[in-house]
Amino acid sequence: MIIGKDIIEQYNKPEIENFTTDFDFLQNKLTRSGANVAEIVNKIADFQVAIPSWALGAGGTRFGRFSYGGEPSSLEQKLDDVGLIHALTHSAGAVSLHIPWDIPTDVKAIKEIAASHGLVFDAMNSNTFQDQAGAEHSYKFGSLNAANEDSRAYAVEHNKEVIRIGKELDSKSLTVWLADGASFPGQLNFQTALSNTEKSLKEIYAGMPEDWKLFIEYKPYEPNFYSTTIQDWGTSFMLANACGERAYTLVDLGHHLPNTNIEQIVATLMYKGKLGGFHFNDSKYGDDDLTVGSIKPYALFLIFNELVYGMENNPQNPYPAWMIDASHNIKDPLEDLLQSLEAILIAYAQALLVDQKALKTAQLNNDVVGAQDILQNAYRTDVRPLLRAARLQAGAALDPIAAYRSLKVRENLIAERGLETKATGL
């Protein structure tokens, strides 16, 4: 299914009048407060979030998985689905692949399909948390941290293979997430495991092209429940420093213990020039499988306030790679991704409204009440007309989810692919 600009324009036409009324009201209000509305709209229009290939089908848990039908069963179909999301939003102009789930059989054809949808290939993702069919060595007791030297070498070589595939697709970065750890005390030696991980990451880093970045992800628990070798941002930061200047920490919103101050982590990493990537999702108790902004929207706004400040004031930090990383267990995956994009852009737009000069003055004067009001006034602003203005400017749908349903996208995908298809890698 292809959603052309003519279809989008036809869908938008009856919505223009209501949008204009809402936007004019908000624009006048924000202009009076000194905001540059045109600049904010342009920044929203330019903001692009990568869609991971593994998020386009129904997820699941160890208890079960419930398909929605019409899932993409090939890399080509995954790109088509990201293309649908990008056509509706113009905010999903990149795709992140996971190897070996997404090994292209015809690189030229895959690049042509991506280009036809206006997509580029973002960070490549390796997989050393599953044993693949015919694997010569097992990751059951670790990969980059494994006591077994053959398992470590096997995992390093897999990452180098991912880099080779990424080079062919014009990607410029590699994300490494490790399930390595222990479920019981005494299962491994902490220092040996960390030393093995550092040595392995240095080998991978040495095998990257000079214009590539390495993103090192962290997670406090699962699938191991006693220890995880890269369990927090400090360990990731330390390993990134050990690897070199093109190695960075990757922050995943769901990879933190409850009530962790993630915005302070973001600020610290950007101050040190080591925030390389950011994975968006949400959670109530643990892990990262929920729609962005569905549980803690104010926390997301506070994080974006630090991201916006960092992007303006920390030239030592590269522009972060943005990606959604979630599992869609009971929602249509494409609708869930559309909701997540909306939540991300809302938080970003609200953060752009923060009067940083006034906030700095309040902080210097220890005006705690004033500082809180400045933040909450921005957070409480309904910025959705700004998002719609950015979409209209880019040729996207004013209301992507309503358009998705009106155009019966899922029904069309089921008609094309059937009810029994299953997204690869899940």
Side-chain angles (χ1 to χ4, degrees), residues 59-64 98 125-132 135-159 174-205 214-243 247-262 264-265 268-269 274 277 279 281-290 295 325-327 329:
T61 70
R62 59 194 175 96
F63 298 106
H98 207 301
N125 299 266
S126 57
N127 182 331
T128 60
F129 53 86
Q130 292 177 327
D131 286 346
Q132 305 301 322
E136 296 178 21
H137 303 282
S138 177
Y139 300 136
K140 181 177 181 179
F141 295 107
S143 60
L144 298 186
N145 85 338
N148 183 283
E149 186 176 349
D150 289 335
S151 292
R152 293 202 307 274
Y154 196 60
V156 169
E157 180 54 36
H158 166 67
N159 278 275
L174 170 69
T175 294
V176 174
W177 174 75
L178 299 180
D180 295 1
S183 287
F184 300 96
Q187 181 180 331
L188 53 70
N189 181 281
F190 293 137
Q191 292 191 27
T192 301
L194 186 59
S195 175
N196 287 342
T197 300
E198 182 177 321
K199 290 175 184 175
S200 299
L201 286 170
K202 285 180 176 178
E203 287 187 56
I204 294 168
Y205 183 84
L214 174 64
F215 301 145
I216 303 172
E217 198 169 349
Y218 59 90
K219 191 177 186 181
Y221 68 92
E222 197 209 28
N224 287 288
F225 293 97
Y226 173 62
S227 77
T228 304
T229 298
I230 308 180
Q231 84 278 25
D232 57 24
W233 73 270
T235 307
S236 169
F237 176 72
M238 178 180 63
L239 291 169
N241 281 333
C243 286
Y248 301 89
T249 291
L250 185 146
V251 174
D252 184 303
L253 274 181
H255 289 190
H256 299 86
L257 297 174
N259 301 318
T260 298
N261 192 328
I262 302 173
Q264 186 171 4
I265 294 172
T268 302
L269 288 171
K274 279 293 184 180
H279 285 184
N281 44 59
D282 212 335
S283 62
K284 177 65 175 177
Y285 302 108
D287 211 8
D288 56 357
D289 287 345
L290 299 182
I295 304 294
D325 188 6
S327 178
N329 298 333

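Bear in mind that the values here come from a model prediction, so they are computed numbers and not experimental data.
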If we ignore angles and hydrogens, is there a donor and acceptor under 3.5 Å between the side chains of D180 and T229?
no

Please examine the side chains of [Y] and [X], heavy atoms only from C-beta on, and report whether any two atoms are closer than 4.5 Å.
{"X": "P223", "Y": "F129", "value": "no"}
{"X": "N261", "Y": "I265", "value": "no"}
{"X": "W233", "Y": "Y218", "value": "yes"}
{"X": "V251", "Y": "H256", "value": "yes"}
{"X": "D232", "Y": "T260", "value": "no"}
{"X": "E217", "Y": "D252", "value": "yes"}
{"X": "W177", "Y": "H279", "value": "no"}
{"X": "L194", "Y": "N145", "value": "no"}

Roughly how far apart are H98 NE2 and Q130 CD, rounded to 0.5 Å?
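Result: 7.5 Å between the selected atoms.
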
CG of L257 to NZ of K219: how many Å apart, nearest 0.5 Å?
11.5 Å

Atom of [X], atom of [Y] and distance for their closest heavy-atom approach:
{"X": "I295", "Y": "L290", "result": "CG1-CD1, 3.7 Å"}
{"X": "L178", "Y": "T228", "result": "O-CG2, 4.4 Å"}
{"X": "F225", "Y": "S183", "result": "N-OG, 3.6 Å"}
{"X": "N329", "Y": "G59", "result": "OD1-C, 3.3 Å"}
{"X": "L188", "Y": "G181", "result": "CD2-O, 3.5 Å"}
{"X": "F237", "Y": "K274", "result": "CE1-CG, 3.6 Å"}

Is there a donor-acceptor pair under 3.5 Å between the side chain of [X] and the backbone N or O of [Y]?
{"X": "S200", "Y": "N196", "result": "yes"}
{"X": "N281", "Y": "G254", "result": "yes"}
{"X": "S236", "Y": "I216", "result": "yes"}
{"X": "N224", "Y": "A179", "result": "yes"}
{"X": "S151", "Y": "S138", "result": "yes"}

Show your reasoning for whether side chain to side chain contact (heavy atoms under 4.5 Å, CB included) applies to L144 and V176.
CA-CA 10 Å; L144 298 186; V176 174; 4.0 Å; yes

Name all residues meeting the ring pair (Phe, Tyr, Trp, His ring centres under 6.0 Å) criterion together with F215; count only those two or more places apart in sequence or in a different chain, and write none if there are none.
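Applying ring pair (Phe, Tyr, Trp, His ring centres under 6.0 Å) to F215 gives none.
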
As a test of understanding, state which of D131, T128, T197, N127 forms a side chain to side chain donor-acceptor pair (under 3.5 Å) with S143.
T128

State whether E198 and K202 are salt-bridged, where the test is any N-O pair (Lys NZ or Arg NE/NH1/NH2 against Asp/Glu carboxylate O) under 4.0 Å.
yes

